[in-house]
There are 2 protein chains.
Amino acid sequence: MARRSRPGLTDIAREAGVSVATASRALSQPELVRDDTLERVLAVARSLGYVPDRAARALASGRTSTVGVVIPTLNSPVFASTLQEMQRNLAEAGFQLLVASHEYDPASELAAVEKLLSHGVDGLVLVGGDRLEATWRMIDAAGVPILQMWCGRDDHPIVGVDNHLAGLLVARHLLELGHRRIGVITGNLRHNDRQAERLRGIRAALAEAGLSLPAAHVTEQPLSVPGGRGGCAVLLELADRPTAIIGTVDVIAIGAMAECQARGIRVPSDISVAGIDNVELAAHVSPSLTTVNIPSEGIGAQTVAAMLRQISGGGRPESIVLPIELVERHSSALPRRKPSG
Amino acid sequence: MARRSRPGLTDIAREAGVSVATASRALSQPELVRDDTLERVLAVARSLGYVPDRAARALASGRTSTVGVVIPTLNSPVFASTLQEMQRNLAEAGFQLLVASHEYDPASELAAVEKLLSHGVDGLVLVGGDRLEATWRMIDAAGVPILQMWCGRDDHPIVGVDNHLAGLLVARHLLELGHRRIGVITGNLRHNDRQAERLRGIRAALAEAGLSLPAAHVTEQPLSVPGGRGGCAVLLELADRPTAIIGTVDVIAIGAMAECQARGIRVPSDISVAGIDNVELAAHVSPSLTTVNIPSEGIGAQTVAAMLRQISGGGRPESIVLPIELVERHSSALPRRKPSG
DNA sequence: TTGTAAGCGTTATCAA
DNA sequence: TTGATAACGCTTACAA
């Protein structure tokens, strides 16, 4: 049986000499009660240290003032800043963020979604569009407002950026500098739409230039600095070593630079490196990293705004694509002139 | 009015030809129902796509299977990995993590705690021990199991590391190398126990060596790479420029190195730099960063374990101090020999 | 503007 | 091992 401890509406009502209904209204719909009553109730509530029981409120009202977000991992500067911004904006609106992560495992994503729905979230934010059919079914069945972040399936609204374009931009930049052999270090493509899209963008840019991307020039690695180092090592061993390397996320690109430097290969004079994301650190590594700016905080803010709009029943949910742009820094330069195919 | 949508226990009971009580037991205390009944109920539940309503469950049982954590910010590699680990461990035990952050503002911390309590969390995890008295009162009044992470007040259990020792270790290391003028870049000391403790440790090490730390050699900066750069710039301008710089967090130390390198000052030959935390990146910047390893994931795991123990009523809550150690890398070396005071 | 009272979906008590 | 039923604390028609 539940603890009988914290003061409840009943206590407030008694102390203030009103009914629970009035007490409830005073706290939730103050405009419905007369000023003096309101004040009296609020005073009592304060003096008793009243904290509403959200569970009861949720049960009675069907709303929880809660938004759930399911992300691949907390361990990423990009997601961290997006989340931080979401949390900030939601808190301002009196909402609480429920975070669940799944480490890129579709099955645990399903579990996470189920748990969040079971908590009665008023809205659900998902990252990416590639998930189990069972997960989609559960989401659609739940009938809660849903939003995809970063990218996703067209049949549900998306707040994010054009990842294809991001890949296109870096690749074009390197091509314009004169690079012809480009290596790519990417994350796992199987369950990561963003990586896959970015890679497709890179291929598209190469295609524009009449080039193709040999399978050997693409390596899948963990999305971490060591992953970038490992991927770089692989590319450097190639017979026709690339003159430029793209990390499909900055963290990987930074790892790649570290690996080059550890081997005495100079960036950008010996080899160019570029990333995507524009994490804070990118501007401060040396050489500073050429990358594509992805407005991760903007994505968080816009997602929250769109979600709150949906929750309050306002307007059709519509997709939002935020602008991105190339940030040219010092890790990319003309390829070394030397005889090559 | 609440939505009439998802199937509930009533539906299951009807379909399975049992009472709601039995249906409830089958799902929550399977050992109390006969095998064939159990199977029947579970089958129906599955076929109906039943998802329990946590709010109702919470209201009826007084438990939410939820643990709240209040952290300064999500935007920190250290907290991110701790959270990720907490989330993982809690999920395994069927719990959900509720995260709230307050950006080092005591007032919003109070608000965060209130919201979490209002959500009925079964346990509350806080970072640090420096908070408003009102916050402490609210926490104590709530009577939920509470745990402090990283460091905290002695009157409540703490899972963390000895931050004083952390400062002591780096400082001793530099002193042993022969450095006598040490500069320190730290975060805001006012509302950040960890930074303050670390700084005290540094002072203690200097005192051991008969030295003191002039106020001018300590600069408070934002806990970010640019913060580290700015702090470093300040220290480099000093008349008696330090021969070694300690960043009380790695992120700052990394920024400091970047600033040195941008100015053509070489690390470690011209100046030594060291940090505290041992974030993933520390091993991969160049030169690799000397630091103190703080087991951030271990802290998360231990915190969850201790919390679950408390929630299930097992044992006295006791503090846990995890071991830390110096990680000597390549950013620290003997000071340049040159005439000095 | 306020009060009365019927739920909200689940758990837990008590009997059967 | 199961069933009937009273909570749990709050919101919200509906009535006054």
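The sequence lines fix the lettering, A, B, ..., with proteins before strands; numbering per chain opens at 1.
- At a threshold of 4.5 Å between non-hydrogen side-chain atoms, the residues A/Val99 and B/Leu83 do not count as touching.
- In this structure, B/Arg54 reaches neither bases nor backbone, as no heavy-atom distance under 4.0 Å exists between it and the strands shown.
- The side chain of B/Tyr50 contributes an N or O atom lying less than 4.0 Å from OP1 or OP2 of C/dT10.
- Rounded to an integer number of Å, the gap from A/Leu117 CG to C/dG9 P is 16 Å.
- Taking every heavy atom of residues 27-40 of chain A and every atom of DNA chain D, pairs under 4.0 Å involve A/Ser28, A/Gln29, by number.
- Between B/Leu9 and B/Leu27 there is a side-chain heavy-atom pair separated by less than 4.5 Å.
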Test salt bridge (Lys or Arg N to Asp or Glu O under 4.0 Å) applied to A/Glu114 and B/Arg6, step by step
CA-CA 13 Å; A/Glu114 170 165 353; B/Arg6 287 163 20 183; over 6 Å; no
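- A/Arg40 is listed as a side-chain neighbour of A/Val18, based on a closest heavy-atom distance under 4.5 Å.
- For the OP1/OP2 pair of C/dT10 and a distance below 4.0 Å, the side-chain nitrogens and oxygens of B/Ser61 include no atom meeting the criterion.
- Contact annotation: B/Ser19 side-chain N/O to D/dG3 OP1/OP2 distance is under 4.0 Å.
- Direction of the helix axis in the helix from C/dT1-D/dA16 to C/dA16-D/dT1 shifts by 30° between the two five-pair termini, rounded to 10°.
- Rounded to whole Å, atom P of C/dC8 lies 14 Å from atom CZ of B/Arg6.
- Close to C/dA12, at under 4.0 Å from its OP1 or OP2, lies a side-chain N or O of B/Arg63.
- Each of B/Ala56 and B/Ala21 was assigned the nucleotide of DNA chain D with the nearest heavy atom; the assignment lying further toward the 5' end belongs to B/Ala21.
- One atom, CZ of B/Arg57, and another, C1' of C/dT10, lie 8 Å apart when rounded to the nearest Å.
- When all heavy atoms of B/Pro77 and A/Asn75 are compared, the pair lying nearest together is O-OD1, 4.3 Å.
- The two atoms that bring A/Cys151 and A/Arg194 nearest to each other are SG-CG, 3.7 Å, heavy atoms only.
- Within the 4.5 Å cutoff, the side chain of A/Asp122 has heavy atoms near those of the A/Phe95 side chain.
- One can place CZ of A/Arg25 at 13 Å from C1' of D/dC10, the figure rounded to the nearest angstrom.
- Distances shorter than 4.0 Å separate none of the side-chain N or O atoms of B/Ser24 from OP1 or OP2 on C/dT10.
- Residue A/Leu59 contributes atom CG, which lies 17 Å from atom P of C/dA6 at whole-angstrom precision.
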